[in-house]
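Labels below follow one simple rule: chain letters A, B, ... track the order of the sequence lines, proteins then strands, and each chain is numbered from 1.
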Amino acid sequence: MVTNGKDFVKEVTPRDEDFSQWYLDLVLKTEMMDYAPVRGCMAIRPYGYAIWENIQQLLDKRIKATGHKNAYFPLFIPESLLQKEADHVEGFAPEVALVTHGGDEKLTERLVVRPTSEAIICSMYARWIQSYRDLPLLINQWCNVVRWEKSTRPFLRTSEFLWQEGHTVHSTEEEAEEEALKMLGVYKEFAETELAIPVISGLKTESEKFAGALRTYTIEALMADGRALQAGTSHNLGQHFSRVFDIQFLDKDKQLKYAWQTSWGVSSRLIGAIIMVHGDDRGLKLPPRVAPVQVVVVPIITKKQRKEVLERVREFADEFSGEIRIEVDDREEYSAGWKFNEWEMKGVPLRLEVGPRDLSQGGVTAVRRDTGEKFFINEKELPKRLPALLDDIQSNLFKQALEFREKNTYSVDDYEKFKDIVQEKRGFILSPWCGDPGCEEGIKNDTKATIRCIPFAAEPSEDALCLFCGQKNSKPVYFARAY
RNA sequence: CGGGGCGUAGCGCAGUUUGGCAGCGCGCUUGGUUCGGGACCAAGAGGCCGCGGGUUCAAAUCCCGCCGCUCCGACCA
């Protein structure tokens with residue numbers, strides 16, 4: 001940590017000085033997480049977990065609204081099941097945790113701690129599906145998964161993380177494709193509406209797609225340091241898994257057919273995205289829709305009016321606690337100024353100050369976390385103003401993030417210029433690519449930038465020359481340095 | 001997995017070079033005075049110096065091994 005003299009938040013390294021350190025300072029000081037005694041693992045503390053609960057609640061609603069039901073599958077997967085799909089095992093083998101013993105007894109077959117649940121779920125689906133009447137099968141699960149990662153970062157990449165994974169089965173290829181795209185759309189709408197994070201969506205390249213998928217779709221967000229973060233993926237699995245797990249159904253035409261599948265997921269990584277998209281030198285800036293505390297009330301306690309002020313803020317909280325996540329910080333061992341900084345660091349969208357002056361004027365002093373704006377609100381207007389202000393903060397955060405992304409998205413067809421931007425400014429770079437994995441690889445080796453996605457609208461054009469090889473009829477795709 | 005940095009009280013650090021009582025600031029506890037942007041006074045509590053070996057009369061300090069965090073790379077949906 002670096003002490004930054006005159007600034008308000010002493011605990012946090014300035015963002016532009018050292019982005020990584022700023023991020024680490026924040027997740028620790030705001031008590032979102034703490035390191036656990038297992039390498040790469042963390043405890044998610046109540047303040048961080050509350051954000052996850054809000055994400056779960058808001059996304060779960062959407063998953064159910066699109067016809068999916070929740071279920072739960074085992075943490076352990078027999079090793080032989082994981083090994084059935086060739087690409088899948090190749091993709092995950094290096095990072096699976098294995099259970100070899102039960103007590104002192106060696107297991108006859110080793111168990112994999114799920115890195116994702118395709119294998120175990122497909123093995124169950126094979127038993128549940130016989131007829132086209134059993135389809136579509138639309139199931140989601142909220143769970144933890146384990147991937148033994150080489151390098152980890154709180155929330156962004158940890159050995160164990162929380163997520164939801166949807167696993168659906170369909171009778172036709174078209175229907176599976178439609179499902180994969182539909183859920184990508186749900187993710188995009190969710191990220192933008194609830195997390196105030198603008199995302200670009202599109203198709204992953206062959207080298208970046210999910211191990212075992214036919215196609216992978218993705219939403220990608222831009223962090224404040226100009227690096228991209230994959231925020232959610234949706235896979236069209238084709239018949240890859242149904243063939244090896246033998247998920248067959250008798251169709252209307254009396255033919256026995258292999259089913260078509262999808263899977264899709266977002267993880268607790270989204271919490272990292274919220275931090276890195278919205279945060280500033282003072283700390284977090286949480287979008288009201290997912291903020292554990294939307295409004296904090298800080299009483300200004302004075303010797304003379306201590307009782308009146310405390311009574312007022314307490315009834316005040318009761319008044320709004322039904323519709324707003326409101327918290328009264330009436331701890332008397334901390335000064336008002338200390339609390340201001342503390343709650344700003346924790347990213348609470350709106351602060352209300354109630355002191356003798358406010359009481360005499362019949363209202364409260366409000367301060368927005370997003371703009372720092374300070375203003376008086378008359379008591380009578382509060383029921384209307386508070387929800388309206390939270391909505392306004394929510395949309396303003398989205399607007400700021402969108403402006404930042406637009407400012408940091410470049411359209412470039414010259415490789416030298418491309419290299420300069422990757423080096424100096426980062427951000428998204430829309431550049432033509434011929435589709436050859438060799439060119440993708442070459443650009444990655446030169447610049448560390450990867451193709452984040454091929455946007456849906458991308459059309460090849462005659463005069464678009466591949467950034468790397470110069471071939472005509474290339475498509476504009478998004479490049480970035482990524483987390 | 002390769003290279004660098006770090007690990008001493010809850011947090012930030014000094015002490016390690018040259019072995020000899022484990023310290024400072026913040027925080028914490030208690031009492032009191034305060035409170036509109038990190039208040040003040042007084043009295044206190046708090047340590048397997050990351051872990052395990054070794055050298056030594058004596059190790060936070062020297063040697064060996066390991067673990068963890070972190071940065072850069074490799075790897076990675």
Please tabulate the protein-to-nucleotide N/O contacts below 3.5 Å involving nucleotides 67-74 of chain B, giving atom names and distances.
residue, atom, partner, partner atom, Å
B/C69, OP1, A/G40, N, 2.8
B/C69, O3', A/Y35, OH, 3.2
B/U70, OP1, A/Y35, OH, 2.6
B/C71, OP1, A/S20, OG, 3.4
B/G73, OP1, A/K448, NZ, 2.2
B/A74, N6, A/S151, OG, 3.4

[X] bridged to [Y] by N-O distance under 4.0 Å:
X	Y	answer
A/R312	A/E308	no
A/E342	A/R331	no
A/E416	A/K419	yes
A/E95	A/K150	no
A/K204	A/E220	yes

Worksheet entry | Note, A/H240 side chain near A/V244 side chain (heavy atom, < 4.5 Å) | no
Worksheet entry | Non-hydrogen side-chain atoms of A/T365 and A/K374 separated by less than 4.5 Å | yes
Distances under 3.5 Å between nitrogen or oxygen atoms of protein and nucleotides 3-9 of chain B:
none

Fill in: All side-chain contact (heavy atoms from CB on, under 4.5 Å) counterparts of A/R426, not counting sequence neighbours
A/D225, A/R227, A/R481
Worksheet item: Between A/Q164, A/H167, A/E165, which is the residue that forms a side chain to side chain donor-acceptor pair (under 3.5 Å) with A/Q141?
Response: A/E165
Worksheet item: Considering only the P atoms, how many Å lie between B/G52 and B/U61, rounded to the nearest integer?
Response: 13 Å
Practice prompt. Please determine if a side-chain N or O atom of A/Y334 lies less than 4.0 Å away from the OP1 or OP2 oxygen of B/G37.
Written response: no
Item to complete: Give the nucleotide from the list B/C35, B/C76, B/C11 with an atom nearest to the side chain of A/I300.
Response: B/C35
Worksheet item: Quick check: are there more than 12 heavy atoms from other residues, nucleotides or ligands sitting under 6.0 Å from CD of A/Q423?
Response: no
We want to know whether [X] and [Y] form a side-chain donor-acceptor pair, criterion being a heavy-atom distance below 3.5 angstrom.
X	Y	result
A/Y334	A/D329	no
A/Y217	A/E177	yes
A/N144	A/R114	yes

Using a cutoff of under 3.5 Å, can you pull out all pairs of nitrogen or oxygen atoms linking the protein to nucleotides 44-48 of chain B, with atom names and distances?
none

Worksheet item: Has the side chain of A/R306 got a donor or acceptor that lies under 3.5 Å from a partner of the other kind on the base of B/C35?
Response: no
Applying a 3.5 Å limit to both distances, which nucleotide forms a Watson-Crick or G-U wobble pair with [N]?
N	answer
B/C6	B/G68
B/A74	none
B/G37	none
B/U29	B/A43
B/C57	B/G20

Fill in: 5' priority, RNA chain B, between A/K304 and A/E95 [closest heavy atom]
A/K304
Response to the item:
Walking RNA chain B from its 5' end, the first of A/K339 and A/Q230 to be reached, judged by nearest nucleotide, is A/K339
So what does [X] hit on the nucleic acid, given a heavy-atom distance under 4.0 Å: a base, only sugar-phosphate, or nothing?
X	value
A/W343	nothing
A/F92	base
A/E353	base

Solution key, residues 270-279 of chain A side-chain donor-acceptor pairs under 3.5 Å, sequence neighbours excluded:
residue, atom, partner, partner atom, Å
A/H278, NE2, A/L195, O, 2.9
A/H278, NE2, A/A196, O, 3.3

Collect all protein-nucleotide pairs involving nucleotides 29-34 of chain B in which both atoms are nitrogen or oxygen and the distance is under 3.5 Å.
residue, atom, partner, partner atom, Å
B/U34, OP1, A/K303, NZ, 2.4
B/U34, OP2, A/K303, NZ, 3.4
B/U34, O4, A/E332, O, 3.4

